[in-house]
K.L.:
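Pasting a structure here, questions to come.
Quick note on labels: first sequence line is chain A, next is B, and so on, each numbered from 1.
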Number of protein chains: 4
Amino acid sequence: MCVQPIVDVSPTKWHLAHTTWFFENFILVNFLKGYKVFDKDYCYLFNSYYNSVGDRVMRFNRGNMTRPSIEKVFDYRRYVNHHINNLFEYGEQPEWLSLVELGINHEQQHQELLITDIKYILGNNPLFPAFHEFKNINSNIDLRLNFLPVSEGVYSIGHSDENAFCFDNEKGDHKVFLHGFQVSNRLITNGEYIEFINENGYGDFRHWLADGWDWVNENKVTAPLYWKFVEGEWFTYDLSGFIKINPDEPVTHTSFYEADAFARWRGKRLPTEFEWEVASNQYCQKEVADNFLDAGFLKPLRSSGEIQLTGEAWQWTNSAYLPYPFYKMAKGAIGEYNGKFMVNQMVLRGGSCATPKNHYRNTYRNFFQPDKRWQFTGIRLAEHI
Amino acid sequence: MCVQPIVDVSPTKWHLAHTTWFFENFILVNFLKGYKVFDKDYCYLFNSYYNSVGDRVMRFNRGNMTRPSIEKVFDYRRYVNHHINNLFEYGEQPEWLSLVELGINHEQQHQELLITDIKYILGNNPLFPAFHEFKNINSNIDLRLNFLPVSEGVYSIGHSDENAFCFDNEKGDHKVFLHGFQVSNRLITNGEYIEFINENGYGDFRHWLADGWDWVNENKVTAPLYWKFVEGEWFTYDLSGFIKINPDEPVTHTSFYEADAFARWRGKRLPTEFEWEVASNQYCQKEVADNFLDAGFLKPLRSSGEIQLTGEAWQWTNSAYLPYPFYKMAKGAIGEYNGKFMVNQMVLRGGSCATPKNHYRNTYRNFFQPDKRWQFTGIRLAEHI
Amino acid sequence: MCVQPIVDVSPTKWHLAHTTWFFENFILVNFLKGYKVFDKDYCYLFNSYYNSVGDRVMRFNRGNMTRPSIEKVFDYRRYVNHHINNLFEYGEQPEWLSLVELGINHEQQHQELLITDIKYILGNNPLFPAFHEFKNINSNIDLRLNFLPVSEGVYSIGHSDENAFCFDNEKGDHKVFLHGFQVSNRLITNGEYIEFINENGYGDFRHWLADGWDWVNENKVTAPLYWKFVEGEWFTYDLSGFIKINPDEPVTHTSFYEADAFARWRGKRLPTEFEWEVASNQYCQKEVADNFLDAGFLKPLRSSGEIQLTGEAWQWTNSAYLPYPFYKMAKGAIGEYNGKFMVNQMVLRGGSCATPKNHYRNTYRNFFQPDKRWQFTGIRLAEHI
Amino acid sequence: MCVQPIVDVSPTKWHLAHTTWFFENFILVNFLKGYKVFDKDYCYLFNSYYNSVGDRVMRFNRGNMTRPSIEKVFDYRRYVNHHINNLFEYGEQPEWLSLVELGINHEQQHQELLITDIKYILGNNPLFPAFHEFKNINSNIDLRLNFLPVSEGVYSIGHSDENAFCFDNEKGDHKVFLHGFQVSNRLITNGEYIEFINENGYGDFRHWLADGWDWVNENKVTAPLYWKFVEGEWFTYDLSGFIKINPDEPVTHTSFYEADAFARWRGKRLPTEFEWEVASNQYCQKEVADNFLDAGFLKPLRSSGEIQLTGEAWQWTNSAYLPYPFYKMAKGAIGEYNGKFMVNQMVLRGGSCATPKNHYRNTYRNFFQPDKRWQFTGIRLAEHI
């Protein structure tokens with residue numbers, strides 16, 4: 001529970017403590033009279049990136065903290081949970097409620113990270129240890145790739161239901177003009193991606209953005225993360241162990257560069273996040289797939305219906321992560337939650353097999369640098385019509 | 001004419017040879033029957049980034065090429081110019097014409113780079129050699145910062161005049177919806193920027209994007225490029241030498257991070273490239289400033305009218321450099337001109353004091369990584385209304 | 001037991017498995033008929049640097065191996081120990097015996113590394129956890145620094161007792177000529193080192209080798225490893241916790257660069273490894289100190305007698321680690337034990353408070369790169385007479 | 001004359017100015033009354049590594065100084081030479097004389113660097129420009145490799161003639177004990193080195209020191225510097241152009257790691273610098289070779305006699321660069337000349353085809369890091385007898 005093989009991946013113990021740290025520092029310290037912090041060093045140890053809260057352990061050092069022990073961290077969680085309950089005995093203040101709701105959503109984000117980080121740790125261990133047992137699922141639905149059309153027009157984007165929770169980066173509807181387009185009805189499969197590999201996709205500069213071509217060559221990338229070519233066949237690590245790749249399942253653990261190159265090779269492109277949101281609103285009622293964290297598969301599954309829109313794998317869009325019109329950073333530490341990351345990242349949409357289902361909504365904006373691959377990330381195609 | 005102090009800055013000799021290389025390899029080699037290349041090694045030596053054309057000297061090695069000599073490079077230019085003239089004796093083919101037009105625009109881009117690269121080379125020399133004589137200019141126009149309003153609506157963006165040249169990245173008008181906004185009537189001045197410095201702008205994380213804050217701290221940035229604080233006063237290098245900063249002139253050589261931080265500190269934001277283009281179309285008829293390369297000042301000047309929109313310094317927008325709807329990369333080497341750079345960069349608009357005047361138009365999209373500062377880059381503010 | 005904060009420091013679990021790996025791969029696999037390896041992956045997982053044995057986990061990845069668990073590693077140790085005992089039931093072959101002896105000495109080296117690596121892991125944890133309880137020791141012996149003279153002559157160096165174990169790098173006596181010299185009777189103390197700090201030792205280039213001066217400036221070094229200046233006083237981490245520095249104890253956790261700079265500042269120099277060995281042979285019968293690992297202090301102690309020669313802290317010499325005359329690398333994997341490291345390192349002599357006492361002898365050659373500080377390393381002075 | 005392709009290689013213009021800087025700053029500024037420096041910025045611009053003299057242009061920036069021009073640098077040289085002549089009109093002081101002698105020897109060192117640095121600049125230019133015309137030389141002497149024996153004993157090392165110039169690092173004779181040994185009568189040839197390559201010398205870890213093996217793999221080294229394998233044959237750049245390798249000429253531009261690996265592969269070793277000096281003293285009267293800079297070949301030549309001891313190529317020894325007994329750094333700037341480099345480097349002996357003949361003597365100690373290859377460096381073998 002302690003290791004951090006790359007800077008992006010945090011130790012399990014750290015996730016458990018940091019999510020509790022959030023409740024302690026943003027709620028209890030400010031609102032519970034007479035509250036005594038569990039341990040004065042924890043504010044420093046488990047701060048992630050909040051300059052407003054003060055100094056902190058450097059991110060790359062999270063994996064070196066053999067103390068406090070995991071038992072202490074569970075004590076910490078119990079202590080803080082107990083006091084959050086206490087707080088509500090004094091009544092309910094809107095500010096508390098909204099911070100508790102944010103804290104719960106924050107913890108749900110870390111539930112997803114727990115899965116992807118554990119996968120990285122075990123999937124890079126030469127022994128490929130299993131995390132859970134494989135759950136088989138049968139599906140013999142036709143997998144043909146179709147395209148779902150959306151007509152030109154002015155559309156509303158963003159989250160406008162004032163009674164439901166959302167993050168500040170998706171808040172407040174605003175209008176965009178979209179030229180007519182269509183998006184594919186399901187994610188790209190492993191089998192389709194293997195065709196790209198077999199036709200020298202990683203070796204032909206014409207499919208790649210310049211930064212992507214540099215990334216491929218500097219890192220000698222020849223396949224998605226976790227893939228290994230053994231005696232003529234492609235294998236991968238999923239959380240049940242080292243397995244042969246199923247060509248009908250969605251390809252995952254691709255970077256934005258790979259998703260973009262694949263789309264060019266197919267003569268298509270990636271959707272923008274606005275196209276994605278509008279298409280998703282228009283077609284989601286037909287969706288039957290439900291492969292979020294709660295389903296327990298922990299891997300993207302073969303499409304089980306006509307339309308596979310959400311769950312499975314976060315879909316790279318061709319939109320840079322930028323503020324919506326009217327976006328304002330909140331004052332104080334909470335303002336650092338999202339806004340300061342709005343440069344040099346690309347937006348992903350749709351949720352994944354590691355996202356808690358009730359944490360997700362169609363306005364949700366995820367974002368990563370274009371070379372990141374350790375999340376469950378996949379590919380949907382688009383084109384203008 | 002030979003050195004390359006940082007990878008972004010190319011030697012003068014290289015610029016002179018590379019612009020000729022463009023004409024030789026994209027036109028003469030393909031269309032002039034019986035053409036003999038000037039030197040078979042030059043294709044390798046002076047290719048910038050065209051994978052389609054073949055291998056090339058690594059970019060960081062441009063500054064080590066003491067051969068061919070500058071005399072040889074001028075011979076090369078004369079030889080290729082001569083043959084381009086010959087080509088037209090055979091008549092005019094539309095494909096030739098369009099490539100010659102592209103070649104001329106390409107050379108104009110390198111005329112701008114010649115100025116900024118020479119400035120970098122001389123401005124980082126401890127002797128601060130002068131490149132030209134300072135031309136004084138008087139202006140006693142009121143400098144008050146006003147805002148120019150634009151109302152909500154659907155607007156056309158991009159270049160639609162089929163008879164005039166433009167690059168592929170600005171081609172083909174498309175529609176965007178804009179919420180009402182206003183942009184400042186002139187660029188931010190050195191004096192205004194010094195206030196930002198004096199109020200601890202570089203020391204307060206709250207103004208900065210996370211990547212910008214890392215950039216400031218890792219590089220210990222405390223002022224724009226070329227600025228030095230000597231005995232209580234700010235100095236800079238302009239191409240006439242090491243001089244005291246004029247508070248009324250536009251601040252320049254700022255990164256996107258600095259432009260963005262300044263805007264936040266002022267309670268504003270940067271415009272998007274779409275807002276910039278629409279505002280510029282709406283207000284440019286009132287503009288009187290004319291400080292492009294041809295004016296010969298080689299530095300941004302104090303506003304000489306009510307509205308200072310173009311020329312002076314490229315203005316950072318808060319738009320990432322991405323393809324317009326319907327954008328298609330051209331086939332072959334020319335396709336590599338722009339399209340493969342559409343990730344990880346921010347768009348700049350407006351031209352600068354180093355841009356040839358007849359090379360500029362209001363649909364022009366310039367782009368750089370957010371930490372780049374060696375171009376003439378400046379700041380315009382915006383906000384929603 | 002799992003983490004690796006810097007590449008030099010290996011996880012406790014890795015040390016436990018690697019020392020057993022040595023016995024399995026160098027003895028059981030080769031000599032015990034019908035031996036089945038405990039786990040076929042362990043050869044890969046726990047190989048340190050033996051190219052002859054095959055591929056292995058990259059050194060910097062040792063801290064990411066959350067599997068096998070520590071229980072499995074203890075099973076591995078029991079399994080291999082059991083089979084080593086079995087082997088001896090078949091009789092004793094000289095080759096086995098010599099490899100078992102090497103394996104035991106190898107494990108003793110890792111016993112020392114266990115202590116220094118655990119110290120690094122805990123000493124860089126913001127909580128400064130204690131590893132053991134502090135054992136007080138009284139000593140009121142006079143600490144005056146004297147010098148022990150040795151006269152000019154031809155001396156024998158190296159290990160010549162064919163019946164006692166030694167490593168190949170110290171084997172076979174050979175002759176050296178030494179000009180007359182003297183070495184200090186005890187190690188330099190924290191108090192003496194603080195004088196160096198207070199007199200701007202780290203700020204004056206004249207005391208430093210050029211590489212050392214670069215190292216000081218690039219790493220902003222201002223004191224030995226683990227030292228912190230808090231409210232006017234120097235503190236350090238020893239394995240009992242975060243404590244105030246005792247000026248009478250030997251300074252430790254200095255690099256070669258620091259040891260060398262201190263010596264120059266004092267107008268002296270470091271001894272060569274040959275001077276060290278000859279002086280040590282001449283004066284060791286008078287020695288009373290006995291602070292090796294077995295004493296259980298786990299820190300260098302104040303001199304408890306007239307002469308403090310061995311134990312306490314490894315002493316940097318001014319000798320580069322090079323082969324002795326007649327040195328021959330052994331054939332096969334064992335040849336990689338020492339010989340291939342004979343460049344770019346400096347020799348240390350004398351053993352430390354973490355060295356097992358019966359592992360030590362006066363011909364022992366330890367070696368590290370000149371910037372390494374996580375071992376118990378200290379300073380003895382010398383000069384010609 | 002301006003470029004610096006790697007940090008080790010300085011521009012021609014810099015060498016010309018720096019050697020004059022030495023005379024100006026160490027002699028004229030201190031001893032010529034009323035002397036006015038040529039340009040107050042030059043002290044900063046042309047200081048190499050003397051902290052005592054003050055700040056300086058960072059070493060990696062030497063190649064970016066397009067000003068002062070080469071004409072100015074020649075003016076500088078004339079100005080300083082003129083004043084050095086003036087100084088002697090006031091008489092001759094021993095301190096001046098000794099500094100002028102040091103300055104001349106310093107300039108001779110830079111004469112050698114001029115050749116090797118120009119070779120690096122031209123030899124890494126894709127056009128491989130010629131620097132001088134090839135001078136043919138005939139030699140049909142037998143090239144058989146023999147060994148020259150030296151018997152066990154105590155020998156004197158170092159420079160003891162008080163009337164002749166030497167550097168401080170070779171000063172003052174001292175005694176060493178040497179066990180009997182022999183060294184090869186000539187340098188290793190290209191042909192012999194090609195055998196090492198053909199027998200997989202670069203692919204077999206057993207021949208290499210661990211640091212050397214890392215160096216080979218990280219840099220994908222497969223041959224000495226400048227060598228290229230073209231259509232089944234080895235070519236190289238010598239200063240006359242790109243030529244086929246002559247198997248009878250000494251191999252050059254090898255690193256210490258390569259020299260050491262070659263020696264192991266042959267079952268021998270490199271000599272120590274003490275062995276080299278003693279053998280050289282004993283056998284040099286028989287030497288006829290004379291290939292120093294003055295001979296004008298600018299490349300190591302085929303042995304033209306029975307014994308090839310000096311000139312041709314600096315010979316890597318297996319001695320680390322360390323102070324001799326009784327070595328004392330001089331006070332002041334001159335003390336920085338040699339002493340501060342005595343760590344992390346290996347000693348080379350013998351002079352090269354780029355060393356001025358009257359600059360050389362058999363006690364001369366050259367030194368470089370073990371991965372450096374741009375000097376004329378070669379291989380002599382040794383073994384104990």
Side-chain angles (χ1 to χ4, degrees), chain A residues 49-52 152-157 174-181 204-213 256-257 260 264 267 269-270 272 274-275 317-329 331-333 335-336 339-347 369-371 383-384, chain B residues 49-52 152-157 174-181 204-213 256-257 260 264 267 269-270 272 274-275 317-329 331-333 335-336 339-347 369-371 383-384:
Chain A
Y49 56 65
Y50 294 87
N51 292 306
S52 310
E152 172 177 310
V154 171
Y155 290 94
S156 272
I157 292 291
H174 69 279
K175 291 185 207 145
V176 301
F177 182 93
L178 296 181
H179 292 271
F181 69 95
D204 187 341
F205 67 86
R206 290 173 306 167
H207 311 317
W208 296 85
L209 289 162
D211 286 3
W213 186 239
F256 169 79
Y257 296 129
D260 176 80
R264 279 169 206 256
R269 58 176 177 83
L270 301 178
T272 67
F274 310 111
E275 290 170 340
T317 73
N318 204 37
S319 294
Y321 182 47
L322 291 168
Y324 281 174
F326 313 113
Y327 175 74
K328 279 264 181 280
M329 255 195 212
K331 293 257 180 263
E336 297 187 57
K340 71 181 180 181
F341 301 112
M342 289 177 175
V343 70
N344 300 329
Q345 310 211 40
M346 301 305 284
V347 173
Q369 286 85 12
D371 62 338
E383 65 186 344
H384 278 293
Chain B
Y49 56 64
Y50 294 87
N51 292 306
S52 309
E152 173 178 309
V154 171
Y155 290 94
S156 272
I157 292 290
H174 69 278
K175 293 185 206 144
V176 302
F177 182 94
L178 295 182
H179 292 270
F181 68 94
D204 188 340
F205 68 86
R206 290 173 307 168
H207 311 319
W208 296 83
L209 288 163
D211 285 3
W213 187 238
F256 168 79
Y257 296 129
D260 176 80
R264 280 167 206 257
R269 58 176 177 84
L270 301 178
T272 66
F274 310 110
E275 290 170 341
T317 72
N318 204 35
S319 294
Y321 181 46
L322 292 169
Y324 281 176
F326 314 113
Y327 174 75
K328 279 264 179 281
M329 257 196 208
K331 292 260 178 261
E336 298 186 56
K340 70 181 182 182
F341 301 112
M342 291 178 173
V343 70
N344 299 329
Q345 310 210 40
M346 300 305 285
V347 172
Q369 286 86 12
D371 61 338
E383 66 186 342
H384 278 292

K.L.:
Heavy-atom distances under 4.5 Å only: say whether Phe205(B) touches chain A with side chain, backbone, both or neither.
P.N.:
side chain
K.L.:
Could you grab the distance from atom CG of Asn344(B) to atom CD of Gln345(A), nearest 0.5 Å is fine?
P.N.:
10.0 Å
K.L.:
Which answer fits Tyr49(B), side chain, backbone, both or neither, if we ask what part of it has an atom under 4.5 Å from a heavy atom of chain A?
P.N.:
neither
K.L.:
Judged by atom type as modelled, is there a donor-acceptor pair below 3.5 Å linking the side chain of His179(A) to the main-chain atoms of His174(B)?
P.N.:
no
K.L.:
For Ala333(A), which residues count as a side-chain contact (heavy atoms from CB on, under 4.5 Å) partner, sequence neighbours excluded?
P.N.:
Phe26(A), Tyr50(A), Ser52(A), Val53(A)
K.L.:
Is it the side chain or the backbone of Gln369(B) that comes within 4.5 Å of chain A heavy atoms, both, or neither?
P.N.:
neither
K.L.:
Is there a side-chain contact between Trp208(B) and Lys340(A) (heavy atoms, below 4.5 Å)?
P.N.:
no
K.L.:
In chain order, what residues pass the side-chain contact (heavy atoms from CB on, under 4.5 Å) check against Arg269(A), with sequence neighbours excluded?
P.N.:
Phe181(A), Glu275(A), Ala382(A), His384(A)
K.L.:
Go through the atoms of Tyr257(A) and report whether side chain, backbone, both or neither lie under 4.5 Å from a heavy atom of chain B.
P.N.:
side chain
K.L.:
Starting at CG of Leu322(B), measure out to CG of Leu322(A) and round the result to the nearest 0.5 Å.
P.N.:
8.0 Å
K.L.:
Minimum heavy-atom separation for Met342(A) and Leu209(B), please, with both atom names.
P.N.:
N-CD2, 3.9 Å
K.L.:
Find the one option among Thr272(B), Leu178(B), Asn318(B), Asp260(B) whose heavy-atom pairs under 4.5 Å with chain A are most numerous.
P.N.:
Asn318(B)
K.L.:
What part of Pro370(A) lies closer than 4.5 angstrom to a heavy atom of chain B: side chain, backbone, both or neither?
P.N.:
side chain
K.L.:
Hey, mind stepping through Asp211(B) and Phe341(A) against side-chain contact (heavy atoms from CB on, under 4.5 Å) and telling me if it holds?
P.N.:
CA-CA 7 Å; Asp211(B) 285 3; Phe341(A) 301 112; 5.9 Å; no
K.L.:
Against chain B, label Val176(A) side chain, backbone, both or neither, depending on which of its atoms sit under 4.5 Å from a heavy atom there.
P.N.:
backbone
K.L.:
I'd like to verify something: which residue of Lys175(B), Glu383(B), Arg264(B), Met346(B) has the highest number of heavy-atom pairs under 4.5 Å with chain A?
P.N.:
Lys175(B)
K.L.:
Is Glu336(A) salt-bridged to Arg206(B), cutoff N-O under 4.0 Å?
P.N.:
no
